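One structure below.
Note that the structure is a prediction, hence the values are computed from the model and not measured.
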There are 2 protein chains.
Amino acid sequence: MPPTIHDVARRAGVSVGTVSHVLNGSATVRETTRERVLQAIRELDYQPDAAARTLRQRRTGTLGLVRTIQSGPHVLAEASDHVFLEFLGGAQEVAAQEGVGILLWGAPPGPEEEEVYRRLVRGRRVDGFILLGTRVDDWRVRYLEEQGVPFVAFGRAADSVSFPYVDVDGEQALRLITEHLVYLGHRRIGYIEPPAGLTCALHRRSGFLEVLRRHGIPLDGRLIVQGGFTWEAGERAMRDLLYLPDPPTAVIAPNDVAAMGAIAAAQARGLKVGRDISVVGFDDIPLAAYWQPPLTTVHQPARWIGAEVTRMLLALLSNGAVPRKQVLVSPELRVRQSTGPVNQPTVSI
Amino acid sequence: MPPTIHDVARRAGVSVGTVSHVLNGSATVRETTRERVLQAIRELDYQPDAAARTLRQRRTGTLGLVRTIQSGPHVLAEASDHVFLEFLGGAQEVAAQEGVGILLWGAPPGPEEEEVYRRLVRGRRVDGFILLGTRVDDWRVRYLEEQGVPFVAFGRAADSVSFPYVDVDGEQALRLITEHLVYLGHRRIGYIEPPAGLTCALHRRSGFLEVLRRHGIPLDGRLIVQGGFTWEAGERAMRDLLYLPDPPTAVIAPNDVAAMGAIAAAQARGLKVGRDISVVGFDDIPLAAYWQPPLTTVHQPARWIGAEVTRMLLALLSNGAVPRKQVLVSPELRVRQSTGPVNQPTVSI
DNA sequence: GTGTCCTTTTGAAAGGTTTCAATTCAAAGG
DNA sequence: CCTTTGAATTGAAACCTTTCAAAAGGACAC
């Protein structure tokens with residue numbers, strides 16, 4: 001029904017080859033001819049068929065982005081919501097500018113996710129991938145490298161020498177946070193881990209431990225607890241930490257939302273956060289500054305990262321090489337009122 | 001490089017037609033042959049080329065979703081973040097289940113957005129569209145109807161008889177909110193509008209005004225102020241309202257984030273929200289319940305809506321008809337502590 | 001054996017573009 | 001007026017499927 005390149009050619013009185021050349025600038029076309037073709041295109045409101053084009057030139061003009069989602073009807077809001085959306089916004093902006101789309105797919109981690117990647121790759125539905133939330137041992141990285149499909153990741157993997165990525169320097173971030181707390185006099189610092197398996201968990205913990213070591217602060221294993229990126233995870237972790245016979249005077253959460261959950265748990269125990277106990281977050285979501293108390297946290301330029309990752313991927317697709325292969329973003333500590341000098345906490349049970 | 005259907009056919013010792021039939025179940029194939037073909041497919045890790053398939057059968061297996069984004073480097077976080085993500089999550093879940101992808105594109109409203117739709121439609125890149133944030137006079141609705149492209153919207157338009165949508169009953173929502181406030185004794189109620197142009201602004205205002213009328217509360221035009229979905233918009237609007245010689249005792253914000261901004265502005269003036277002044281939000285984002293004070297708001301089941309919209313669109317694409325063409329979701333008022341009985345506010349200037 | 005009727009399989013066209021070798025055109029040089 | 005040359009244009013193949021009319025195969029009755 002919609003017009004094809006043949007219709008345009010007929011109307012302009014030229015061959016389809018010429019129309020194609022006008023469309024792609026693939027050969028010199030005389031100015032008057034060019035004008036005639038463009039006129040016909042306008043008149044017919046012609047737009048080349050994407051599938052035919054892809055079939056021929058093996059480019060889809062699409063980037064793949066598979067979002068890890070927990071399935072099920074009553075899923076609680078993913079807490080990294082804001083970071084993801086900012087990231088996506090940056091990616092979209094760059095992609096749109098270059099005229100490529102982003103094909104979004106969702107899958108729970110595991111075999112189902114693998115199946116999605118396989119289908120997208122083997123079915124040639126995308127030109128390359130944007131990877132999010134890289135894991136220490138990341139099947140996706142191995143698969144895409146094996147298949148020779150270009151990709152750029154937000155985050156590193158155990159062995160990240162090989163592929164291009166942008167990541168926040170989590171080690172440095174945790175050095176900043178921990179130094180800040182130690183400077184305030186804290187020596188019993190609770191540490192809530194990001195979800196196990198994510199590479200960022202490794203880097204962050206290593207930064208945390210390094211500072212403890214440097215200051216000769218003994219490591220109490222019970223102060224390190226499993227956690228996650230949700231409010232509930234932060235709440236539960238804080239509760240566990242406060243039940244310890246010798247609870248921490250400061251707690252580091254894996255992100256702002258978990259920090260907010262942790263704060264709520266502390267407040268429920270009658271503690272005043274910032275005075276009786278300090279809490280630090282991660283991400284610096286907009287609400288962090290407005291929270292009660294305003295949250296000390298580490299700023300993560302998610303939007304910029306999304307844009308940069310996309311730029312790198314597009315460069316990889318056209319040049320075949322990425323200018324800066326691996327980018328490590330220096331985090332910035334934003335000190336607010338959820339952290340304060342150490343104090344004798346009065347835990348009322 | 002990757003195997004084609006011919007490779008599979010050769011390996012299985014059959015014709016390409018037979019392989020295609022096995023793939024699509026388009027003809028009866030003898031069981032033993034079928035098995036041989038499947039075996040070859042497995043061995044080669046074959047996956048039909050999406051472009052070739054699309055070219056032939058005129059289906060892309062992709063739904064289009066164009067997100068309205070404000071461009072520019074320093075854009076403040078879109079405040080409807082959470083709602084959008086939940087919506088997207090629901091849509092993705094259903095789409096993934098049916099094996100279709102979501103092609104995401106971003107564009108600022110205006111000619112650029114039109115160009116994006118045009119390219120996607122005329123280039124046959126998607127089978128249908130999911131529309132978000134419908135406007136009273138929505139060019140997209142007109143264009144898609146004119147082009148005969150299937151779509152389902154989250155939200156209505158001025159004339160919504162014609163197209164399928166899911167929407168929250170904003171009129172009813174504002175009736176609930178306003179009745180709640182009037183019941184608490186409020187008669188001077190400030191109203192912060194959603195961004196102008198959006199259809200939801202119309203419905204909501206109409207619900208608000210209806211209840212005022214019903215209770216014989218005179219309408220003071222200065223209590224209705226332009227607003228938006230951001231923290232800043234809420235903050236500014238509240239500031240303006242409090243500057244009035246006779247400020248309101250309650251304020252209705254267009255969403256939770258704006259309500260939080262409004263609360264901050266009120267607190268900055270020394271008011272205790274819930275006692276000196278009441279504030280109501282919209283959306284019921286997860287943080288609303290944990291806010292200080294916990295926010296009275298209207299719950300919006302964004303995830304379900306995203307899923308439902310997608311289900312409707314998929315039905316439209318396969319059957320050609322949608323079971324329930326238009327769905328109006330009844331909102332639920334969640335009363336928390338940001339609203340309370342009217343009080344003589346003591347505005348300290 | 002032959003004819004009939006299903007069931008299964010085949011081969012080629014069609015879908016809309018790009019690309020490339022080949023052809024035509026126009027102008028310049030002799 | 002004929003050649004030569006470089007620029008502009010053309011036509012057909014190729015990309016990988018699906019689809020459909022036609023052919024082949026197999027079972028059964030006569």
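Of the two residues near DNA chain C, A/Gln47 and B/His21, the one whose nearest nucleotide lies more 5' is B/His21. Nearer the 5' end of DNA chain D, as judged by each residue's closest nucleotide, is the contact made by B/Leu55, out of B/Arg30 and B/Leu55.
Residue B/Arg58 places no side-chain N or O under 4.0 Å from the OP1 or OP2 atom of D/dT18. For A/Tyr46, a side-chain nitrogen or oxygen approaches OP1 or OP2 of C/dT17 to under 4.0 Å. Considering only side-chain N and O atoms, B/Thr4 lies nowhere under 4.0 angstrom from the phosphate OP1 or OP2 of D/dC16.
Taking every side-chain heavy atom of B/His6 into account, D/dT17 is the closest of D/dT19, D/dT17, C/dG11. Closest to the B/Ser15 side chain, of the nucleotides C/dT10, D/dC16, C/dT18, is C/dT10. If you check D/dA12, D/dA7, D/dT18 against the side chain of A/Thr28, the one that comes closest is D/dA7.
In this entry the distance linking CD of A/Glu35 with P of D/dA8 reads 16 Å, nearest Å. The CD-C1' distance, from B/Gln57 to D/dC16, rounds to 12 Å in whole Å. Straight-line distance from the CG atom of A/Asp49 to the C1' atom of D/dC15: 13 Å, rounded to whole Å. Between the P atom of C/dG15 and the CG atom of A/Asp7 lies a distance of 12 Å, rounded to the nearest Å. In this structure, A/Arg59 places its CZ atom 15 Å from C1' of D/dC15, rounding to the nearest Å. With rounding to whole Å, A/Asn24 atom CG is found 9 Å from C/dT17 atom C1'. Protein atom CZ of B/Arg10 is 12 Å distant from nucleotide atom P of D/dT17, rounded to whole Å. The separation between B/Ile5 atom CD1 and C/dG11 atom P is 14 Å, rounded to whole Å.
For B/Arg59, the CZ atom is loosely surrounded, since the number of other residues' heavy atoms within 6.0 Å does not exceed 12.
In this model, no donor atom of one side chain and acceptor atom of the other lie less than 3.5 Å apart for B/Arg156 and B/Gln326.
Contact annotation for A/Thr18: base contact, defined as any heavy-atom pair under 4.0 Å involving a base atom. Across all strands, B/Ser20 comes closer than 4.0 Å to base atoms (heavy-atom distances). Using a 4.0 Å heavy-atom cutoff across all strands shown, A/Thr54 reaches no nucleic acid atom at all. Residue contacts for B/Thr33: at a heavy-atom cut-off of 4.0 Å it reaches the sugar-phosphate backbone alone, with no base atom in range.
Evaluation of atom-type donor-acceptor distances gives a pair under 3.5 Å for the side chain of B/Arg56 against the base of D/dT18.
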Using the side-chain hydrogen bond (donor to acceptor under 3.5 Å, both in side chains) rule, take A/Arg140 and A/Thr134 through it: C-alpha gap first, then chi angles, then the decisive distance, then the call. CA-CA 9 Å; A/Arg140 304 172 295 173; A/Thr134 46; 5.8 Å; no

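Salt bridge annotation for B/Arg135-B/Glu113: present, with a cationic side-chain nitrogen under 4.0 angstrom from a carboxylate oxygen.
Stacking of B/Arg118 on the aromatic ring of B/Tyr143 is recorded, both the 6.0 Å distance cut-off and the 45° axial limit being met.
If you take CD on A/Glu308 and CZ on A/Phe154, they are separated by 12.0 Å, rounding to the nearest 0.5 Å.
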